[in-house]
Structure formats: C-alpha cells, structure tokens
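Structure, as structure tokens:
Side chains included, hydrogens not; waters and symmetry mates left out as well; all remaining heavy atoms used. In the text below, chain A, chain B and the rest are named by the order of the sequence lines, each starting its count at 1. Note that the coordinates shown come from a computational prediction; the quantities given were computed from them, not determined experimentally.
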Amino acid sequence: MLDPQLLRKKLEDTARILKTRNCDLDVARLQTLEERRKVLQVRTEELRNLRNTRSKAIGAAKAAGGGAGALMAEVKELGGELEQCEAQLNGVREEFTAIARQIPNLPHDTVPRGADESDNREERRWGEAARKDFTPVDHAELGAGLGMMDFASAAALAGARFVVMSGALARLHRALARFMLDLHTGEHGYTEVMTPFIVNSDTLYGTGQLPKFADDQFQLAGERGFYLIPTAEVPLTNLVKDRIVTAAELPMHLVAHTPCFRREAGAHGKDTRGMIRQHQFEKVELVHITRPQDSWDTLELLAGHAEAVLQRLELPYRVVTLCTGDMGFSAAKTYDLEVWLPGQNRYREISSCSNCEAFQARRMRARWRNPDSGPEYLHTLNGSGVAVGRALVAVMENFQNADGTVTVPDALRPYMNGEERIGRG
RNA sequence: GGAGAGGUGGCUGAGCGGUCUAAAGCGGCGGUCUUGAAAACCGCAGGGGGCAUUGCCCUCCGGGGGUUCGAAUCCCUCCCUCUCCGCCA
C-alpha cells in the first residue's frame, strides 16, 4: 500500500512514476472520490458530534428527573441522515481502497526504467562457468541417469510440476538446506524461525499476495480461508503485523527453511522440463525488519548474504537489478541473483532480494516507536538465501562429470558423511 | 468433537445501558530530594483519522453485524485463549 497522502496530494506525480511499472492510474476517478470523501467525512463527523452531544443531554435530563421526549425525537431524526452519510462515505472509501490495494510500490530512484527483463541492469558477475571437455547435460537427464530423480512417479502421485527424489540426491537436497541455515545463523547473525506453512488471508494481504495475486495461491477447502504459504517471506514478515515494536528490538534478522507452494497459474508451458518451476519447492528465506533509515544499507547486506551461499558452493552467478517493468508488486528495488546453469547454457534466477520500504508495513500496520517522534512504519526486506531446489539443480549441473556422476562441493561434504561423489549404486 | 470460563491501554485488572472524557496498581518519561543511586513525593503520557492550524472534532474495550435517542456494558455470529472430557503424532 502506498501512502494514501500520495494519492491525495501528489496524485499526478505518482501516476507518472507508476506508468514506468506498467500501472495506469485512473487519476480522474481518484480525484472525484477524494473530493467526495472530504465532503462526506466532514458531514458525517459533524452529525456524529451532534448525536453524541444530544444523547448526553438526554441522559442528563433523565438523571434530573425530567422528560426528554422532544430531544429523543430530534436525535432519531438525525440518525436517518447520519446513516445515509455513513453509507455513502463507506462506499467512497471502499472504492478508493479497492483501487489503492491494487497499486504496486513506487520504484527507488536507482532502479532502471524499462519494460521487461531485457532492460534489467547487470551489476556484477562472480565465478566462471567451468569449461568442461564434454557437453554438459541438464539436471533432469543427470538425475534420471543416477536413478534418483523421478518425474513420472511424481506425476502419478500429484500431477505435473512435482518431483520425487531419492537416495543421495534427496540427501544432497537436505544438505543444501542445512548448510544454508547454518551459514546464516552461524556467520550472518540471523535468528532461525519455524513458522506455520498455512496462513490466513489477512496475513497474505499484509505482504501483498492478496487480493491481486489470489490466482497464484493454493487455497485450502473449508470455511476458514486458509492458504498454503508461497514463501516464508509471508509468515516471517507478518511477525510484526499489528505491532508497535521498540527501538531495542530492531533490526530483526530472520531466517526460515520452509516448503513453498505456488499455483503457477500464469506459467502454462513455461519451464515444464525438470524441477526449475514446481508447485512445491523448498527455500531458505531471509527477512529483515528495520528502521526506515537503515533499509537501503540492509538491502546490500542482504544481497551479500545470499551471494555468500553461492560463493561457498562455488556456483558462478551474476547480480542484476530488476527494471521498473520487471519488479515484483511490493518491492521498491530488487536484486536478482542468477546462477549459471550449464545444462541450459544460461543464467537462471536463484534468489530475489528486495527492499519493500514501508509498503508491506503499511498493509500490516507494523510500526516502531521512534524515540524522537512517535510511531512510524517499519521497513521490510526479504531475499532468498537461497531456493533449495534450484540450488540442487545448479550443483548438479555445475559439478557433473563426464560419466554422469556429480561431485559434492566441499561446503556440503560435512552434511554428506564426507561423500565426495554421487554415482549410480 | 463435547462441556464450561474468558478476551478492556506496554502489562495486571475494575467497570456489565447515560459525567467511561475507562478506576486502580505495575511499568515508562520528566522533575524534587541526593555526592550518585535507590526509596519517597509531585507531574506528564495511548493508537488511528479529519478539519483547521497550535485548537476543535470523529473513531478504537478480540473481528464483523444488530438492538437503542445513547453500547466496553444487551443480542447474533466468527476468531482467539484457558480448564475438563474425548480423540490423536
């Protein structure tokens, strides 16, 4: 949610900036609504004030033992107009917020203007794609060759976009998650958190998945309105929902390893091979809750923590800044980490690190008590540290050998009983 | 799943149709006293919003709805917490 004042007082400027995000504001409609709101709100509050004072007079008259019939009739009369005003005001407010809730965050000044991913700006590269003296294959072929990655069984169990892994590969998957958690808690100062994997709609609204992206979520049957989390960003960030935290509690550095569930409704026919895009995957997620003045430094820190994972795993990657047209709904600025995948001969996203500034905090009513002023909205940041499934893909493809075996990166060997190589049998 | 008891400001907790403009205690901030601190005493202080401008008003007692001239208080509904029973990893 943007600051409503921007939509009232700086509507034209805001609309112009939002255009770079492929978002067209109905400026005229918003202006009309704002004008009506003002009139209706003032009148409604006037009427309420009148009703309150008259009702008190009735109480006083009765206490004094007198009759109050005339007054009571008057207030009852007043109630009719009040009810009308309130109904109209609510209507205007609902339409205004319905529009406001669909508006994405404003991009930071350093974000490149652009329409799609071709306009993203590459910031830096790390590592070199290992030149092999054989033609590398992709992870799906490798996994099948090892007899440890089975898409057919997964399809029989659940359908497309699922996978069954077994043996050393399943263990490698677990090793990756453990390695990441240990790195972030042990060396980067994060607090490990175990959260629910099911949340209510209010929580999803807080981080921006609802109402606009309902089609991407798995909703559970029943009347409770439960959803499976699409990322641990949702439960972690919402830990400060409806709270005013003290300065001493900040900054918060949280890490969680959770499954993530996504409908991938708009991705038909995209990444259908292998386990790049699944309905269920695991991710180690990093969340920072900070004072407003600290969030931009924190974004660099956060991206560095995600990069450290890839560096320890010796995986080549590059960092790109997403352009205005490619950014997510809640973000003011996003760095994507793209890992090199020899099997696809290209870089693929493995982590996305965003500063949302106060956008999510405003939706969550998450504030801190600024000792110099008063309650202020927090800034929230999130980043993958990193996606476990895609990390497995990257390790397999980058560490594959000509004979179809996969070398275990040094950083993972403590989690693999010292095993150096994954091979058939 | 069944039966019962509850949800009030940062915390504890009173209030159960009309000075609720929400008691009191604890905690917090400022001051007096003190070499300093503690104690004691005095004072200050909730969140959100509107209009104006330095003040006035609206709103908030778990969420939503209703009754009433008037709701923290009565009714309906949902959520949450606790106790007992049942079931269960």
Side-chain angles (χ1 to χ4, degrees), chain A residues 1-9 11 30-31 33-98 100-101 194-206 210-211 219-227 235 238-250 259 358-378:
Chain A
M1 189 88 144
L2 296 180
D3 184 347
Q5 294 302 332
L6 284 177
L7 298 176
R8 289 179 183 168
K9 310 236 157 89
L11 185 54
L30 283 170
Q31 271 167 347
L33 286 170
E34 168 59 7
E35 279 161 26
R36 292 194 60 208
R37 178 206 59 85
K38 207 161 170 169
V39 174
L40 284 167
Q41 183 165 349
V42 169
R43 182 65 187 148
T44 300
E45 291 185 359
E46 249 172 39
L47 287 167
R48 280 208 273 247
N49 179 241
L50 214 56
R51 183 199 59 190
N52 289 346
T53 50
R54 293 299 150 89
S55 290
K56 269 180 192 160
I58 293 171
K62 286 198 167 175
L71 262 175
M72 280 169 69
E74 187 192 338
V75 180
K76 188 157 195 169
E77 187 80 11
L78 213 129
E81 192 191 344
L82 178 59
E83 209 168 300
Q84 253 187 347
C85 268
E86 277 178 336
Q88 286 179 43
L89 179 61
N90 284 339
V92 168
R93 278 192 165 142
E94 269 165 33
E95 190 180 340
F96 190 91
T97 55
R101 292 197 303 197
M194 166 69 198
T195 73
F197 306 151
I198 295 173
V199 296
N200 59 35
S201 59
D202 193 46
T203 300
L204 276 174
Y205 173 76
L210 290 182
Q219 183 169 17
L220 271 48
E223 289 153 19
R224 296 284 295 277
F226 283 141
Y227 292 83
N238 275 282
L239 286 173
V240 289
K241 179 173 76 174
D242 266 318
R243 289 188 59 206
I244 303 178
V245 302
T246 63
E249 292 176 79
L250 300 172
F359 187 85
Q360 293 178 323
R362 211 171 277 116
R363 293 168 86 96
M364 294 188 296
R365 299 164 301 278
R367 291 159 294 167
W368 74 296
R369 209 171 284 282
N370 184 338
D372 299 326
S373 44
E376 237 176 36
Y377 285 116
L378 290 159

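Separating the CZ atom of A:Arg369 from the C1' atom of B:rG27 is a distance of 13 Å, rounded to the nearest angstrom. Here the C1' atom of nucleotide B:rG48 and the CG atom of A:Asp3 are 14 Å apart, to the nearest Å. Between A:Gln41 atom CD and B:rC56 atom P the separation is 19 Å, expressed in whole Å. To the nearest angstrom, C1' of B:rC69 lies 13 Å from CD of A:Glu83. Remark: P of B:rC69 and CZ of A:Arg51 are 12 Å apart, rounded to the nearest angstrom. Rounded to an integer number of Å, the gap from NZ of A:Lys241 to P of B:rG62 is 18 Å. As a whole-Å value, the separation of A:Leu78 CG from B:rU68 C1' is 15 Å. Between A:Lys9 atom NZ and B:rG50 atom P there is a gap of 7 Å when expressed in whole angstrom units.
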Given the rule in the side chain to side chain contact (heavy atoms under 4.5 Å, CB included) test, do A:Val245 and A:Leu378 qualify, once you have shown the distances and angles that lead to the verdict? CA-CA 9 Å; A:Val245 302; A:Leu378 290 159; 4.1 Å; yes
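The separation of B:rG64 from B:rC82, taken at their P atoms, amounts to 23 Å, rounded to a whole angstrom. Taking the C1' atoms as reference points, B:rA52 lies 14 Å from B:rC58, given to the whole Å. Comparing the same atom, C1', in B:rG65 and in B:rG13 gives a spacing of 29 Å after rounding to whole Å. The separation of B:rA14 from B:rA22, taken at their C1' atoms, amounts to 10 Å, rounded to a whole angstrom. Look at the C1' atom in both B:rC80 and B:rG25: the space between them is 27 Å, to the nearest Å. Comparing the C1' positions of B:rG46 and B:rC85 gives a spacing of 42 Å, expressed to the nearest Å. A distance of about 15 Å separates the P atoms of B:rC76 and B:rU67, rounded to the whole Å. Annotation: B:rU59 and B:rA71 have their C1' atoms spaced 15 Å apart (nearest Å).
Counting any heavy atom pair closer than 4.0 Å across all strands shown, A:Gln5 reaches sugar-phosphate atoms only and no base atom. When heavy atoms are screened at a 4.0 angstrom cut-off, A:Asn200 is found touching no nucleic acid atom at all. Counting any heavy atom pair closer than 4.0 Å across all strands shown, A:Arg54 reaches no nucleic acid atom. Contact annotation for A:Arg365: no contact, since no heavy-atom pair falls under 4.0 Å across all strands.
With salt bridges taken as basic N to acidic carboxylate O contacts below 4.0 Å, none links A:Glu376 and A:Arg369. The pair A:Glu46-A:Arg43 meets the salt-bridge criterion, since a charged nitrogen lies less than 4.0 angstrom from a carboxylate oxygen. We find that A:Glu249 and A:Arg243 are joined by a salt bridge, their nearest charged nitrogen and carboxylate oxygen being less than 4.0 Å apart.
Considering only side-chain atoms of A:Arg8, the nucleotide from B:rG49, B:rG47, B:rC69 that sits closest is B:rG49. Closest to the side chain of A:Arg37, out of B:rG50, B:rC58, B:rG47, is B:rG50. Distance from the side chain of A:Lys56 is smallest to B:rU21 among B:rG47, B:rC58, B:rU21. For A:Lys62, taking side-chain heavy atoms from C-beta onward, the closest of the listed nucleotides B:rG47, B:rG18, B:rG49 is B:rG18. Side-chain atoms of A:Asn52 lie closest to B:rU59 of the nucleotides B:rG70, B:rU59, B:rG47. The side chain of A:Val75 approaches B:rC69 more closely than any other nucleotide in the set B:rC58, B:rC69, B:rG49. Of the listed nucleotides (B:rU59, B:rC57, B:rG46), B:rC57 has the atom at the smallest distance from the side chain of A:Glu45. When each of B:rC58, B:rG49, B:rC51 is scored by its nearest atom to the side-chain atoms of A:Asn49, the top-ranked nucleotide is B:rC58.
A 3.5 Å limit on both hydrogen-bonding distances identifies no Watson-Crick or G-U partner for B:rC61. Across the strands present, B:rA40 finds its partner in B:rU32; the criterion is a Watson-Crick or G-U wobble pair with both atom distances under 3.5 angstrom. Nucleotide B:rA24 forms a Watson-Crick or G-U wobble pair with B:rU12, both donor-acceptor distances falling under 3.5 Å. With both pairing distances under 3.5 Å, B:rC82 is matched to B:rG4 as a Watson-Crick or G-U wobble pair. Across all strands shown, B:rC51 is found opposite B:rG55 as a Watson-Crick or G-U wobble partner, with both distances under 3.5 Å.
You'll find the side chain of A:Cys85 reaches within 4.5 Å of the side chain of A:Leu47, heavy atoms only. Two residues are said to be in side-chain contact when any heavy atoms from C-beta on lie closer than 4.5 Å; A:Glu45 and A:Gln41 meet this criterion.
A:Tyr205 carries A:Arg363 over the face of its six-membered ring, with the cationic atom under 6.0 Å from the centre and within 45° of the normal.
Proximity of A:Arg367 to the phosphate of B:rG48: a side-chain N or O atom is located under 4.0 Å from OP1 or OP2.
In this model, a donor atom of one side chain and an acceptor atom of the other lie less than 3.5 Å apart for A:Thr203 and A:Asn200.
Residue-to-nucleotide proximity on RNA chain B shows that, of A:Thr53 and A:Ala60, the 5′-proximal contact is made by A:Ala60. Along RNA chain B, the nucleotide nearest A:Lys38 and the nucleotide nearest A:Glu46 are compared for position; the residue whose nucleotide lies closer to the 5' end is A:Lys38.
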